[in-house]
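Following: one structure in structure tokens, then a few remarks.
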2 protein chains.
Amino acid sequence: MPDDHWTPPPVLLAVDLVILTLRESVLHILLVERGIEPFLGALALPGGFLATDTEDILAAAHRELREEADLDAAGLHLEQLGAYGAPERDPRGRVVSVAYLAIAPGLPEPVAGTDAARAAWTPVPEVLTHRVRLAFDHEQIFNDGLERARAKLEHTALATAFCTPAFTITQLRTVYEAVWGVQLDPRNFHRKVHAVEDFIVALDAERRDGPGRPARLFTAGSRSSLFPPLVRPTPTATSEVLP
Amino acid sequence: MPDDHWTPPPVLLAVDLVILTLRESVLHILLVERGIEPFLGALALPGGFLATDTEDILAAAHRELREEADLDAAGLHLEQLGAYGAPERDPRGRVVSVAYLAIAPGLPEPVAGTDAARAAWTPVPEVLTHRVRLAFDHEQIFNDGLERARAKLEHTALATAFCTPAFTITQLRTVYEAVWGVQLDPRNFHRKVHAVEDFIVALDAERRDGPGRPARLFTAGSRSSLFPPLVRPTPTATSEVLP
DNA sequence: TCAAAAGTGTTGTAACTACACCCATGA
DNA sequence: TCATGGGTGTAGTTACAACACTTTTGA
């Protein structure tokens, strides 16, 4: 603790968001094109500074989610990733950023909210293969967020946050495949999901699009931690991992 | 992002530490008695404010570890838990704290460093049963830190951070039992630990104290992630969990 | 020779992978 | 009746808990 005559140096607090969703079976992240220096024109995670002296950090994340992505808080997963505070991470001065991971159900079109005109869903493989470069230390934050999402799919019901209220088991499997970047056996997946009580509950409805047997519709159950867990396949030398 | 004429509100940045160690087979946490208001006289996590404008947050954690606990950075585990920034968490004003989890090998006596005169190792069960109350939101941070440590024992070699450079398998098992608060079968534990390649490597030495067959000494190997993992026993209705 | 602690073998079970197979629908 | 996708059955394998058993020491 400091002594009475010394005042600690103040810092500016920002919030940055890793917002993930599924679009046409591909994992996407919401990125914005920066309109001001530094990194003018570069892509970055949506985010911003704390609005007032008394704003809660989680509330700030919710606000940015609304302002920059036009996404409502209701029914959307939001959790903290951590604080990023290297002294030189922002050339404007000492800015510490608290990063959040948000998961949204698949949205039909790129959002067009107030500040969100420049916001665009970007395929995650584009970022992973460095075809897209991010401003600041946002690539680090993105990597941490993606790894958090991948890990939490194993032990929690996070996958349902990617889905609309009613979904088929195949849609749920597509979530796992897109986030993990692997192929899963549909038949074993079907049973594993059913083996966890209250992970998904059957609705009294079916979905019939194209040909093939109609699929039962489900909704997220009350269970939040999965047992037995759905473990990621261990990458072997022979197995192929999608980018 | 803010417009050019508006300045975001500054906050004060603190660092708080959850420092865990094992003392006589019981998990302990380092707590300090507060010497100033608020919460004067109450127990709290060691920590303090950022020292300078340009100090890295992780460096600040290392500095507090040295100042408040007289612990050297070398060979000690330190990882970030997250940011705690509720507006009313500190009555003095807007203080955002970045919490860290530190794991230290068992130390013979309560540390007596510069600021650490009032620091004391406190048994974790005392805190869990609310016989010890913590200042600010430090109980929340403590719970998050403990859960992080418990979870990481399963999948990483974190347990070796609790041990001196040379340790027996029984000592390693004691770490798991103390942190998880369960009893483990010594024979199955022995094999599971050996099944993970490079988790522990045998030294050419034995330890012989009291009666009984001398135990082989080991040291931490190069492996950091454990496969197969050492999974916590699922608490059942009949099983007893130590406080 | 006994107690204590280290370490090994064995057995039944749970959960998994891989794949053969059956079911229900639209064209 | 065929292609397409949904869903079930089964066999071999891995990891595991439980516990009987052997080994090596100090007193």
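Note that these values count all heavy atoms, side chains included, but never hydrogens, waters or copies made by symmetry. We name chains A, B, ... by the order of the sequence lines, and we start the count at 1 in each one.
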Test item: B/His138 side-chain N/O and B/Leu134 main-chain N/O as donor-acceptor pair under 3.5 Å: no
Heavy-atom donor-acceptor pair, A/Thr21 side chain to A/His28 backbone, under 3.5 Å: no
Along DNA chain C, first and last positions that approach a heavy atom of chain B under 4.0 Å: C/dA4 to C/dT10
Interatomic distance, B/Arg191 CZ vs D/dA20 C1' [rounded to whole Å]: 12 Å
Salt bridge present between B/Arg133 and B/Glu139 (N-O < 4.0 angstrom): no
Nucleotide D/dT25, atom C1' - distance to CG of B/Leu217 in whole Å: 15 Å
Residues B/Glu197, B/Arg223: salt bridge by 4.0 Å N-O rule: no
B/Lys192, nearest nucleotide to its side chain (from D/dC19, D/dA15, D/dA17): D/dA17
B/Gln183 CD - D/dC19 C1' separation (whole Å): 16 Å
Donor + acceptor pair across side chains of B/Asp144, B/Tyr84 (<3.5 Å): yes
Separation of D/dA18 C1' from B/Leu184 CG (nearest whole Å): 14 Å
Between C1' of D/dG7 and CZ of A/Phe218, the distance in whole Å: 10 Å
Nucleotide nearest B/Pro228 (side chain, heavy atoms from C-beta), chosen from D/dA15, D/dC21, D/dG6: D/dA15
Pair B/Arg131 + B/Glu126, salt bridge at N-O below 4.0 Å: yes
5' priority, DNA chain C, between A/Asp185 and A/Pro214 [closest heavy atom]: A/Asp185
Most 5' of A/Asn188 and A/Thr170 on DNA chain D, judged by nearest nucleotide: A/Thr170
With A/Tyr100, the side chain to side chain contact (heavy atoms under 4.5 Å, CB included) member among A/Asp16, A/Leu81, A/Leu65, A/Leu58: A/Leu58
Electrostatic pair B/Arg232:B/Glu147 at N-O distance under 4.0 angstrom: yes
Axis-to-axis angle between the two ends of the helix from C/dT1-D/dA27 to C/dA27-D/dT1 (five base pairs per end, rounded to 10 degrees): 10°
Interatomic distance where CZ belongs to A/Phe189 and P belongs to D/dG5 [whole Å]: 17 Å
Aromatic plane relationship, A/His194 with A/His190 - under 30° parallel, 30 to 60° tilted, over 60° perpendicular: tilted
Nucleotide D/dC16, atom C1' - distance to NE2 of B/His194 in whole Å: 18 Å
Whole angstrom value for the distance that separates C1' of D/dG5 from CZ of A/Arg207: 9 Å
